[in-house]
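Let me begin by presenting the structure, written as structure tokens, before commenting on it.
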Amino acid sequence: MSHPLHSLKYQDIFSGHPASKPFELKVKGDKRLIILSDCHLDSKFDEVVYKKLVKVITEADILVVNGDFWADSGGSFEKFVTSKWKQLFPLMKSKTYYVFGNHDMPINSDERIQQFCVWAGFRLKIEIGDIRLHVEHGHLLSGSLVRKILTIFQRHPHALNLATFPFGLFEGSSRYLAKKTGSSALNKFNTGFKTRRFSVSQRHEYFAMGHTHVPEFDEEAKYLNSGRTHDGEFTYIEIYKNKVTINSLED
């Protein structure tokens with residue numbers, strides 16, 4: 001990793017900056033690969049979430065954090081890396097590949113991300129045993145309106161949080177209704193990204209993302225979404241001995 005990574009703006013990434021190109025990683029088939037995303041950690045420490053993260057990180061031979069590990073809209077990177085969450089860093093440092101999301105853009109961080117990963121960027125190609133994956137957070141595939149919002153507010157995380165506040169309300173109400181009715185409108189977000197996956201991926205590989213906070217494994221579409229690991233939910237992707245699963249840790 002080099003310093004220019006932390007000066008990149010969205011317009012650089014959208015225009016095809018080399019940092020937006022996938023990093024290729026090959027992993028032996030007998031290794032356990034875990035992909036999690038959307039932890040949204042900030043300076044407020046949660047012991048329950050911490051213990052779950054320790055469990056998953058410890059079990060992984062290779063860990064991919066697929067965006068939004070910390071939430072710059074809920075606190076600065078400085079506060080995050082100096083908080084009690086830093087206890088996770090020694091467990092992660094030698095085996096973690098970090099993919100940036102929309103809440104943890106490199107421009108709002110610095111080289112201290114090297115305390116918890118061996119590589120950081122925007123896209124990964126992974127070959128593990130017989131399985132191939134394209135991994136990215138998902139926000140870079142958003143429509144033009146969302147791209148514009150991200151570009152305008154990239155240096156102002158709190159303003160970005162306000163701009164996306166309606167989605168938070170929609171997400172909360174949809175999850176509440178899903179518990180009552182058994183169906184969720186949030187699944188439609190994943191459907192939209194499935195149609196975009198072929199612009200960055202091929203049919204012979206899985207497309208693994210986060211971002212929507214809705215876990216899903218669609219074998220026919222070769223689509224994976226790790227869901228989220230905050231606000232009472234903890235789901236993640238596990239690949240081990242050529243088997244793909246979406247796992248969940250209950251409170």
Side-chain angles (χ1 to χ4, degrees), residues 10 13 20 22-23 25 33-42 49 52-53 56-57 60 62-74 80 88 92 96-106 109 113 116-117 119-126 133-143 146-147 150 157 160-161 164 167-168 170-172 174-175 184 186-197 200-201 205-218 221-239 244-249:
Y10 272 115
I13 303 303
S20 68
F23 177 80
L25 176 66
L33 171 67
I34 288 178
I35 305 173
L36 56 81
S37 68
D38 298 275
C39 301
H40 288 223
L41 306 178
D42 54 27
V49 174
K52 290 180 179 180
L53 286 170
V56 170
I57 293 168
I62 299 293
L63 177 70
V64 175
V65 177
N66 194 12
D68 291 359
F69 185 43
W70 73 89
D72 52 18
S73 57
F80 168 65
L88 294 170
M92 302 171 63
T96 300
Y97 292 79
Y98 196 88
V99 178
F100 290 105
N102 55 297
H103 282 285
D104 51 3
M105 272 292 287
S109 64
I113 60 173
F116 52 82
C117 66
W119 172 88
F122 291 90
R123 294 181 171 105
L124 268 173
K125 294 280 189 184
I126 304 177
L133 302 107
H134 175 102
V135 183
E136 64 176 284
H137 184 64
H139 64 304
L140 298 180
L141 299 177
S142 298
V146 174
R147 284 187 171 207
L150 292 173
L160 177 60
N161 196 38
T164 57
F167 171 76
F170 176 73
E171 180 183 18
S174 294
R175 290 187 184 279
S184 175
L186 293 173
N187 291 331
K188 292 182 179 179
F189 285 107
N190 285 0
T191 301
F193 282 102
K194 287 180 192 179
T195 62
R196 299 187 186 107
R197 72 180 285 284
V200 295
S201 185
E205 63 186 5
Y206 289 95
F207 178 63
M209 63 173 284
H211 190 47
T212 69
H213 301 176
V214 183
E216 183 177 353
F217 179 16
D218 184 334
K222 289 194 174 296
Y223 175 84
L224 292 162
N225 195 305
S226 49
R228 64 177 181 173
T229 55
H230 72 283
D231 286 348
E233 294 187 11
F234 198 107
T235 56
Y236 60 95
I237 299 165
E238 181 178 57
I239 300 175
V244 182
T245 57
I246 302 287
N247 297 342
S248 175
L249 294 181

**Prompt:** Can any side-chain N or O of Arg147 pair as donor or acceptor with the backbone N or O of Leu140 at less than 3.5 Å?
**Reply:** yes
Closest non-hydrogen contact found for Asn102 with Tyr10 is CA-OH, 3.5 Å
> Quick one: does Ser20's side chain get under 4.5 Å of Arg123's, heavy atoms only?
Replying inline: yes
Close side-chain approach of Leu141 and Phe207, heavy atoms under 4.5 Å = yes
Shortest non-hydrogen pair, Phe80 vs Asp42, comes out as CD1-O, 4.3 Å
In this structure, is the centre-to-centre distance between the rings of His230 and His213 below 6.0 Å? yes
- Query: So, do Leu53 and Cys39 sit near enough that their side-chain heavy atoms are less than 4.5 Å apart?
  - Reply: yes
Problem - Residues Ser226 and Asn66: side-chain donor-acceptor under 3.5 angstrom - result: no
Sorted by chain and number, sequence neighbours left out, side-chain contact (heavy atoms from CB on, under 4.5 Å) with Asp218 holds for Lys194, Glu216, Glu220, Ala221, Tyr223
Main chain of Glu238, side chain of Asn247: is a donor-acceptor contact present, judged purely on distance under 3.5 Å?
no
To the nearest 0.5 Å, atom OG1 of Thr212 lies from atom CG of Asn225 at 4.0 Å
Distance col, row Leu63:CG vs Tyr97:OH, nearest 0.5 angstrom, shows 11.0 Å
Hey, can you tell me if Phe122 and Phe100 have their rings parallel, tilted or perpendicular (30° and 60° cut-offs)? tilted
Please verify the inter-ring angle class for Tyr98 with Phe69; under 30° counts as parallel, over 60° as perpendicular, anything in between as tilted.
perpendicular
dist Asp38:CG -> Met209:CE (nearest 0.5 Å) comes out at 8.5 Å
